[in-house]
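Quick one: structure below, then a few questions.
Sequential numbering from 1 along the given sequence is applied to the chain's residues.
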Amino acid sequence: MTTSQQDGTMIDKIAQFDLAREIADAEQKKPWPAGICSKTLFKKHDLRVVLISMQSDARMKEHHADGTMSLHVLKGQIRVSVNGKPHDLPAGTLFTLGASIRHDVEASSDSAFLLTISWPSNEELAAMKHRGYGS
């Protein structure tokens with residue numbers, strides 16, 4: 001268990017997570033709204049780590065993250081589409097995307113993945129000319 005400030009930013013300098021247990025805990029909360037359950041495991045000013053579980057056929061519509069990100073598929077299989085090109089990602093796959101690249105995510109089966117985002121500073125966010133339109 002980590003300690004955090006009111007905005008969710010972690011105070012601890014070290015944290016450890018049992019991902020299998022976190023996935024099992026998420027399963028206990030079914031049914032999930034829209035077939036998706038997400039939990040921020042770690043949040044600092046420069047980093048976000050989120051565990052996302054999705055039921056088969058659940059979909060996250062097109063969106064973007066303002067920081068460089070990775071998706072590490074832990075269970076099942078997801079499909080990430082970037083510029084209309086699908087990328088099928090089975091368990092054990094690590095997929096990365098640059099900042100502000102628009103994409104959507106669909107679960108091909110009951111799935112779980114770890115989303116890690118390198119969060120830009122407030123100054124970097126303010127300087128972004130075309131947020132959400134990376135290539």
How about His45: does its NE2 atom have over 12 heavy atoms from other parts shown lying under 6.0 Å from it?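 Result for NE2/His45: open.
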
In a check of side-chain contact (heavy atoms from CB on, under 4.5 Å) between Val49 and each of Ile117, Thr40, Leu114, which one passes?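 The option that passes is Leu114.
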
For the backbone of Thr9 and the side chain of Asp7, can you confirm whether one donor and one acceptor N or O come within less than 3.5 Å of each other?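 Confirmed, Asp7 side chain pairs with Thr9 backbone.
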
Under a 3.5 Å distance rule, please check whether Asp18 uses its side chain to pair with a backbone N or O of Ala20 as donor and acceptor.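 Here the side-chain-to-backbone pair exists.
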
Donor-acceptor check, side chain of Trp119 to backbone of Thr68, threshold 3.5 angstrom: yes or no?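 Checked: no pair found.
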
Looking at Gln28 and Asp25, would you say the former's side chain and the latter's main chain have a donor-acceptor pair under 3.5 Å?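 Not at all, since once roles are kept as given, no pair shorter than 3.5 Å links the two residues.
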
Determine the minimum heavy-atom distance between Phe113 and Leu71, stating which atoms define it.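 Residues Phe113 and Leu71, closest heavy atoms: CE1-CD2, 3.2 Å.
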
Taking the side chain from Ser81 and the backbone from Gly84, do they hold a donor-acceptor pair closer than 3.5 Å?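 Between the backbone of Gly84 and the side chain of Ser81 there is no qualifying donor-acceptor contact (under 3.5 Å).
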
Minimum heavy-atom separation for Asp66 to Ala99, with atom names?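 Closest approach of Asp66 to Ala99, heavy atoms only: O-CB, 3.4 Å.
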
Just say parallel, tilted or perpendicular for the rings of His87 and Phe95, cut-offs at 30° and 60°.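 Tilted: the ring planes of His87 and Phe95 meet at 30° to 60°.
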
Looking only at heavy atoms, what is the nearest atom pair of Ile78 and Ser111, with distance?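 Between these two residues, the closest heavy atoms are CG2-CB, 3.7 Å.
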
Using the rule that two of Ile, Leu, Val, Met, Phe, Trp, Tyr join whenever any of their side-chain heavy atoms come within less than 4.5 Å, decide whether Val73 and Trp32 are in one cluster.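 No, because Val73 and Trp32 fall into different hydrophobic clusters, even though each may have its own neighbours under 4.5 Å.
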
Which distance, rounded to the nearest 0.5 Å, do you find between the NE2 of His72 and the CG of Leu74?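 That separation rounds to 5.0 Å.
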
Measure across Ser108 and Ser56 and return the closest heavy-atom pair with its distance rounded to 0.1 Å.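 Looking at all heavy atoms of both residues, the shortest contact is O-OG, 3.5 Å.
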
Inter-residue atom distance Arg59.CZ - Met54.CE, 0.5 Å rounding: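 Spacing of CZ (Arg59) from CE (Met54) equals 9.0 Å.
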
Report the C-alpha distance between Met69 and Leu115 in whole Å, list the side-chain angles of each, state the deciding distance to 0.1 Å, and finish with yes or no for side chain to side chain contact (heavy atoms under 4.5 Å, CB included). CA-CA 7 Å; Met69 62 181 230; Leu115 167 66; 4.0 Å; yes

Are Asp104 and Lys61 close enough, and set up right, to give a side chain to side chain contact (heavy atoms under 4.5 Å, CB included), and what steps lead you there? CA-CA 5 Å; Asp104 63 51; Lys61 65 182 180 179; 5.7 Å; no

Hey, are His103 and His64 close enough side-chain-wise for a donor-acceptor pair under 3.5 Å?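 The criterion, which ignores hydrogens and geometry beyond distance, is not satisfied for His103 and His64.
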
Side chain to side chain contact (heavy atoms under 4.5 Å, CB included) between Leu47 and Thr116, worked out: CA-CA 7 Å; Leu47 180 70; Thr116 304; 3.6 Å; yes

